Amino acid sequence: MNAPFPYLVTTTRGEILVANGAATELFEQPPQVLVGRPLSAFNAKRRGAVQRLMNAAVRSERPVTAPLHLRVRGRDRTTRATVTRHAGGRTDSAVLAWAFTPLTATADPHIDELMGRAREAGEGAVPVTPERGDDTELTDAIEQAVDGEDPGPVIAAVVQMSETPLADLPERSLGRVARAAVTALGADGGSVTELSLPSIGATDDDVRDADRVQYERQQGPCLSAVTEQRLQYTADIAADERWPETGKAILAESGFRTVLAAPLIWDAKVLGVLNVYARRADAFAASQQDVATVLAGPAAAIVYHGQVVRKAREQAENMRRAMGSRAVIEQAKGILMVKRGLTLAQAFDTLVKYSQDHNRKLHDVASEIVASASPGSR
C-alpha cells in the first residue's frame, strides 16, 4: 500500500474498500472519506465509463487497461486505469485492484489509439475501447492504414513516437512496479523479467545477479513461475530442494534467502515475472504474497503494451525499408526504359533476370543502376 502510484481495491460493484496514500492525493480525500464510496462518484465526461471498465475486468482473466476521466473537487483529471480481478487468498468474494498512472494530454492518447487497435485486432481482446480525444495527425494516419490506404503516414508517425521519451516508458513503469513491490512487502530488492529480458527495472546489482543466476542455469523460482504459471515462493532458497544448486548460487552471489516470483499473465500467457527478494528467511507472509499477485496485474499490462509498441516500431521500420527499396527499383526501371527503349514490363524483367543470373538482390542491382546514372558517376 506504499506504492508510489495511486492504488485502490474495490468490490466488483465499485465500492472502495482500500485506498493507499497516493490515491488519497489523487482524489483529494482522506481514507475515511474514500472508503465506502462508489468509484463511479468520481467519474467525469462519459457516464458509465467506470461501470463498463469494471464489467470488462470481471469477465476477463487478464488485466484491463483504459483511460479514465475523473472529476475531483470540480476539476477533471485524466488517468490510465489498470483493473485486475483478484480472488484473494482467504476469501470467496472477488475484488478489483485499480492502479492509476498519469496520461499526458499530448502524447499518451496516441499510444492509447495505437494499442487499442492492436488489442481489437488480437484474439480474445477485451471489448474496452480507449476514449478518443481530439483528432490528431497520428490517429488519422492510423485510420488510413487500417482502412487499407497509404501506410506511409503511419510509418512516419510510429517512428517519430519511438524517438520520443515515451519509447522507454514501459521499462520506467516496470521499474516503478518493482520498487512498489519492494516497499509494500518490506523486501530488499525486486525486478521484472520478460521471457528474454531479465532484470527490467532492477532495484540494484544484487537483484541483477540473482536474476542472472536463474537465467544462466535455466532454473529457479523465476523460471518455474513461467512454466507452472503460478506464484513461486521459497522461504530459504539455499535449502529448497527444487533448485538446490541454483539456490546456493543465489545466496552466494546476492545474499538473498527469501524469493517470491509472481507470473505476469496476459490473455492466458505468461509474459514475464515479478521477482521480489529478501535477505532474511521466510520474509513474506501469505497476505504479502497476495499483494505481489495483485501488483503482477498492472505489470502484465505494461509488458504487453511495451511489446505492442516494439512490434509496431519493428513493422514500421520494415515497411519503411521496403518502401525505400521499391522506390529505387522504380527509378532503375525508368532508367532502363529511357536508355534502352524498353516497356515497363520489359525493364522489370531485365532487372529480375540480371538479379537471378548473378545471384544478387534485386535492390542491390537497382541501386547500382541508379548510382551509375547519377550526374557525378562516370
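These numbers were taken from a predicted model, which means no experiment stands behind them.
- With rounding to the nearest 0.5 angstrom, the OG1 atom of Thr78 is 8.0 Å from the CG atom of Leu70.
- Gln289 is not listed as a side-chain neighbour of Thr293, based on a closest heavy-atom distance of 4.5 Å or more.
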Test side chain to side chain contact (heavy atoms under 4.5 Å, CB included) on Leu342 and Phe348 and set out the steps.
CA-CA 9 Å; Leu342 304 177; Phe348 183 68; over 6 Å; no

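- Using a 3.5 Å distance cut-off with no hydrogens or angles, the side chains of Gln346 and Arg340 do not pair a donor with an acceptor.
- Interatomic distance, OG1 of Thr82 versus OH of Tyr7, reported as 11.5 Å (0.5 Å rounding).
- Proximity of a side-chain donor or acceptor of Thr193 to a complementary backbone N or O of Gly272 within less than 3.5 Å is not detected.
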Assess whether side chain to side chain contact (heavy atoms under 4.5 Å, CB included) is satisfied between Phe42 and Arg37, documenting all intermediate values.
CA-CA 9 Å; Phe42 298 94; Arg37 294 189 67 181; 3.6 Å; yes

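- You'll find the side chain of Leu96 reaches within 4.5 Å of the side chain of Arg85, heavy atoms only.
- Under the 3.5 Å distance criterion, the side-chain polar atoms of Thr79 are left unmatched by any main-chain donor or acceptor of Phe100.
- Linking Ile, Leu, Val, Met, Phe, Trp and Tyr residues whenever their side-chain heavy atoms come within less than 4.5 Å places Val58 and Trp98 in a single cluster.
- Taking all atoms of both residues into account, the shortest heavy-atom contact from Ala262 to Ala292 is CB-O, 4.1 Å.
- Note: the hydrophobic cluster containing Ile265 does not contain Val83 (ILVMFWY, side chain heavy atoms under 4.5 Å, direct or indirect links).
- Closest of all the heavy-atom pairs between Ala261 and Ala225 is O-CB, 3.8 Å.
- Using modelled atom types, one side-chain atom of Gln288 and one backbone atom of Leu185 make a donor-acceptor pair closer than 3.5 Å.
- A donor-acceptor pair shorter than 3.5 Å can be found between the side chains of Ser224 and Trp243.
- Looking at every heavy atom in both residues, Ala299 comes nearest to Val177 through CB-CG1, 3.9 Å.
- Across Leu39, Asn43, Val64, a single residue satisfies side-chain contact (heavy atoms from CB on, under 4.5 Å) together with Leu53, and that is Val64.
- Taken to the nearest 0.5 Å, the SG atom of Cys222 stands 4.5 Å off from the CG atom of Asn275.
- There is no path of hydrophobic side-chain contacts, each under 4.5 Å, that joins Val213 to Leu251.
- Here the side chain of Thr24 pairs no donor or acceptor atom with the backbone of Pro30 at under 3.5 angstrom.
- The shortest side-chain heavy-atom distance between His69 and Asp76 does not fall under the 4.5 Å cut-off.
- More than 12 non-hydrogen atoms from other residues, nucleotides or ligands lie less than 6.0 angstrom from CZ of Arg360.
- You'll find the side chain of Tyr233 reaches within 4.5 Å of the side chain of Thr258, heavy atoms only.
- Within the 4.5 Å cutoff, side-chain heavy atoms of Phe284 are placed close to those of Val276.
- Thr203 contributes a side-chain N or O that, together with a main-chain N or O of Gly190, makes up a donor-acceptor pair within less than 3.5 Å.
- The CD atom of Gln214 lies 7.5 Å from the OG1 atom of Thr246; values are rounded to the nearest 0.5 Å.
- Here the closest non-hydrogen pair linking Val370 and Val328 is CG2-O, 3.8 Å.
- Heavy-atom minimum distance, Gln232 versus Pro221: CG-O, 3.5 Å.
- Residues Arg59 and Asn55 form a side-chain contact, since some pair of their non-hydrogen atoms from C-beta on lies under 4.5 Å apart.
- Looking at Asp211 and Tyr277, their side chains do bring a donor and an acceptor atom within 3.5 Å of each other.
- Side chain of Asp267 to main chain of Lys269: no donor-acceptor pair is present (N/O by atom type, distance under 3.5 Å, no hydrogens or angles).
- Residues Val273 and Tyr215 fall into different hydrophobic clusters, defined by Ile, Leu, Val, Met, Phe, Trp and Tyr side chains chained together at heavy-atom separations under 4.5 Å.
- Looking only at distances, a side-chain donor or acceptor of Arg73 sits under 3.5 Å from a matching main-chain atom of Glu28.
- For Pro263 against Ala296, the heavy-atom pair with the smallest separation is O-CB, 3.7 Å.
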Checking side chain to side chain contact (heavy atoms under 4.5 Å, CB included) for the pair Leu231/Leu260: CA distance, chi angles, key distance, verdict?
CA-CA 7 Å; Leu231 183 141; Leu260 183 153; 4.0 Å; yes

Run the salt bridge (Lys or Arg N to Asp or Glu O under 4.0 Å) test on Arg242 and Asp240 for me, step by step, so that the C-alpha distance in whole Å, both residues' side-chain angles and the decisive distance to 0.1 Å come before the verdict.
CA-CA 5 Å; Arg242 291 174 291 179; Asp240 199 314; 2.7 Å; yes

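- Leu174 CG to Ile200 CD1: the interatomic distance, rounded to the nearest 0.5 Å, is 5.5 Å.
- Here the CD1 atom belonging to Ile369 is positioned 4.5 Å from the CG atom belonging to Leu351, to the nearest 0.5 angstrom.
- Val226 and Ile237 are not part of a single hydrophobic cluster, where members link through side-chain heavy atoms under 4.5 Å apart.
- No option in Thr11, Val9, Leu8 other than Leu8 meets the side-chain contact (heavy atoms from CB on, under 4.5 Å) test with Ile16.
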